[in-house]
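Remarks on the structure that follows.
Here is how names work: the chains are called A, B, and so on, in the same order as the sequence lines, proteins then strands, and each is numbered from 1. These values consider heavy atoms only, across backbone and side chains, with no hydrogens, waters or symmetry-generated copies. This is a predicted model, so every value here is computed, not measured.
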Protein chains: 2
Amino acid sequence: MNAQPTDASLDTRQRLIEAAILTFAEKGFDGAGIREIALRAKANSALVTYHFSGKEGLYLECLRYIFTRKACRVAELAAAPSPEGPGAREAALQQLRNHIRAFTQDLMACDPSDPQDPLGEAAMALMAREMQAPRAISSALLMEQIRPHVDHLMGCLQVLRPDLSRDELLNMGMSIQGQLLYFRNSLGIARLIRSNPAYPEDLEVVIRHFTDFSLRGLGIPEAFPQPRN
Amino acid sequence: MNAQPTDASLDTRQRLIEAAILTFAEKGFDGAGIREIALRAKANSALVTYHFSGKEGLYLECLRYIFTRKACRVAELAAAPSPEGPGAREAALQQLRNHIRAFTQDLMACDPSDPQDPLGEAAMALMAREMQAPRAISSALLMEQIRPHVDHLMGCLQVLRPDLSRDELLNMGMSIQGQLLYFRNSLGIARLIRSNPAYPEDLEVVIRHFTDFSLRGLGIPEAFPQPRN
DNA sequence: GACTGATTCAAACGATTGATTAATTCTTGT
DNA sequence: ACAAGAATTAATCAATCGTTTGAATCAGTC
């Protein structure tokens with residue numbers, strides 16, 4: 001076991017985690033082998049057991065790594081206070097717009113300064129896999145990380161549609177998030193359908209669509225002072 | 001090899017396919033073993049190679065089985081002619097409503113007469129897995145099956161919003177389908193978030209929400225002669 | 001009843017899996 | 001310089017993987 005990790009081991013740990021994220025994202029938990037991961041990280045496969053006490057430990061560490069160092073934009077937004085008092089409605093509307101934009105950008109590439117970053121892409125693909133078929137061992141970790149985002153979104157929706165019940169609000173949130181996550185999870189098929197491997201060429205166009213569609217679907221007429229055509 | 005299958009072998013083939021759908025849906029392609037599948041089907045594991053020439057062949061046969069015998073409702077709708085001429089708008093609106101209802105019902109349980117049918121549930125879970133992370137070997141089969149549904153939906157949307165470009169219409173379709181598929185793919189998390197393992201108790205409530213949200217998001221004011229509260 | 005081909009079976013194949021061992025190298029504090 | 005412990009390595013473990021083999025069983029035909 002490792003009592004107090006040194007600088008040297010931290011490098012190896014990180015290399016293993018990043019290689020594991022890439023490999024897990026490509027092939028899934030069962031499809032990825034620790035030898036392949038270790039080879040990618042230029043490390044010995046025995047170090048997986050040494051550092052993470054097994055393949056499952058490495059997998060959990062990958063999820064933690066993604067949660068703590070990625071998806072920062074949405075996390076920041078979720079920390080914002082729920083809108084209250086006078087002007088709460090306008091504030092909630094703006095927060096919802098920000099949420100859609102931040103979530104979409106996080107989904108496409110976690111690191112905005114390096115849009116080619118393969119790690120960010122892989123991290124979101126891995127998250128998507130995990131959300132669809134969560135392993136028993138990781139569902140607790142998943143819920144713990146998702147909860148604040150849900151609460152934040154629900155807070156905004158409640159201000160915008162105070163007439164709706166909690167269940168109806170959850171349905172609204174589900175529809176909004178569903179568009180965004182499906183957009184991310186079905187990029188492969190979407191590109192096939194459109195016969196355009198470069199889709200989406202401009203993320204801003206997609207964000208604007210999501211925002212308009214969501215606000216209309218939410219039933220907020222004042223968000224559209226003048227219909228644009 | 002099997003030249004002309006007899007009645008006896010058809011039973012075994014079907015048992016293997018259905019057991020494979022269940023197991024593949026639970027554990028994924030790599031996680032499921034042919035011994036486990038064969039045990040479930042009360043058959044010998046060597047029959048996988050004999051009947052389907054390997055594990056991959058069995059997997060493809062599962063997808064074909066699902067496509068041909070399940071999701072009938074949406075397939076029927078997709079065969080309906082695109083609305084034209086006078087009254088096309090009302091027809092397209094009704095077809096869109098039917099599409100949302102049929103798709104949601106298909107997603108939840110393929111066999112309406114037996115809502116407890118575990119095979120229908122597993123089949124959709126397997127499809128969801130495949131759409132998110134399509135195997136190279138099956139993406140062609142997937143596109144071939146999805147294409148008519150996409151075309152049908154796009155035909156309706158084009159009638160309802162003739163002012164939009166093809167890309168904008170595709171975005172609309174993506175948002176509508178996204179809600180539905182995300183609803184299906186994230187049922188596990190949704191139940192955790194709502195602390196309600198029985199969600200959704202009434203599918204009709206969800207269908208109505210999807211319909212209302214989609215029609216509003218699509219920007220069809222006449223679909224709501226009177227806002228309900 | 002003997003023949004034929006499809007189907008099923010138990011057993012074993014080589015390959016690969018995640019995990020473990022023991023020896024070695026590297027790092028650090030004294 | 002030296003001991004102590006962390007980090008890494010090659011080699012190996014038992015288990016399981018998908019597949020193959022060859023014989024046994026079944027259903028028809030003559």
Out of C:dA19, D:dT20, D:dG18, whichever nucleotide has its closest atom nearest the side chain of B:T49: D:dT20
Nucleotide D:dA6, atom C1' - distance to CG of A:L47 in whole Å: 12 Å
Interatomic distance where CG belongs to B:L16 and P belongs to C:dT7 [whole Å]: 13 Å
Within-4.5 Å side-chain heavy-atom neighbours: A:S175 and B:H209: yes
Stepwise salt bridge (charged side-chain N to carboxylate O under 4.0 Å, His left out) check, A:R40 with A:E26: CA-CA 13 Å; A:R40 203 168 195 163; A:E26 291 171 7; 2.9 Å; yes
Partners meeting side chain to side chain contact (heavy atoms under 4.5 Å, CB included) with B:S165 (sequence neighbours left out): B:D167, B:E168
For atom OH of B:Y50 and atom P of D:dT20, their distance in whole Å: 15 Å
Phosphate OP1/OP2 of C:dT7 contacted by B:T12 side-chain N/O (<4.0 Å): no
Pairwise ring-ring contact (aromatic ring centres under 6.0 Å, His included) hits with a residue in residues 183-205 of chain B, at least two apart: B:F183-B:F210
Side-chain-base donor-acceptor pair under 3.5 Å for B:N44 and C:dA10: yes
Would you mind writing out the side-chain donor-acceptor pairs for residues 136-143 of chain B within the sub-3.5 Å range, not counting sequence neighbours?
from: B:S138; atom 1: OG; to: B:E130; atom 2: OE2; distance (Å): 2.3
from: B:S138; atom 1: OG; to: B:R135; atom 2: O; distance (Å): 3.2
from: B:S139; atom 1: OG; to: B:A136; atom 2: O; distance (Å): 3.4

Any donor-acceptor N or O pair under 3.5 Å, side chains B:Q95, B:H152: yes
Nearest listed nucleotide, side chain of A:A46, among C:dT21, D:dC17, C:dC9: C:dT21
Any B:H51 side-chain nitrogen or oxygen under 4.0 Å from OP1 or OP2 of C:dT8: yes
Pairs involving residues 27-47 of chain B, ordered by first then second residue, that meet ring-ring contact (aromatic ring centres under 6.0 Å, His included) (sequence neighbours left out): B:F24-B:F29, B:F29-B:Y59
Contact list (N/O, under 3.5 angstrom) for nucleotides 22-24 of chain C vs protein:
none

A:K42 NZ - D:dA10 C1' separation (whole Å): 19 Å
Protein-nucleotide distance (A:F52, atom CZ; C:dG18, atom C1'), rounded to Å: 15 Å
Length of the line joining B:L39:CG and C:dA10:P, which is rounded to integer Å: 12 Å
Proximity to DNA chain C (any heavy atom under 4.0 Å), residues of residues 27-37 of chain A only: A:A32, A:G33, A:I34, A:R35
Reported CG-to-CZ distance for the pair A:N171 and A:R166, which is rounded to 0.5 angstrom: 11.0 Å
Length of the line joining B:K55:NZ and C:dT16:P, which is rounded to integer Å: 15 Å
d(CD, B:E56; P, D:dT19) in whole Å: 8 Å
Donor-acceptor pair between A:Y182 and B:Q179 side chains, under 3.5 angstrom: no
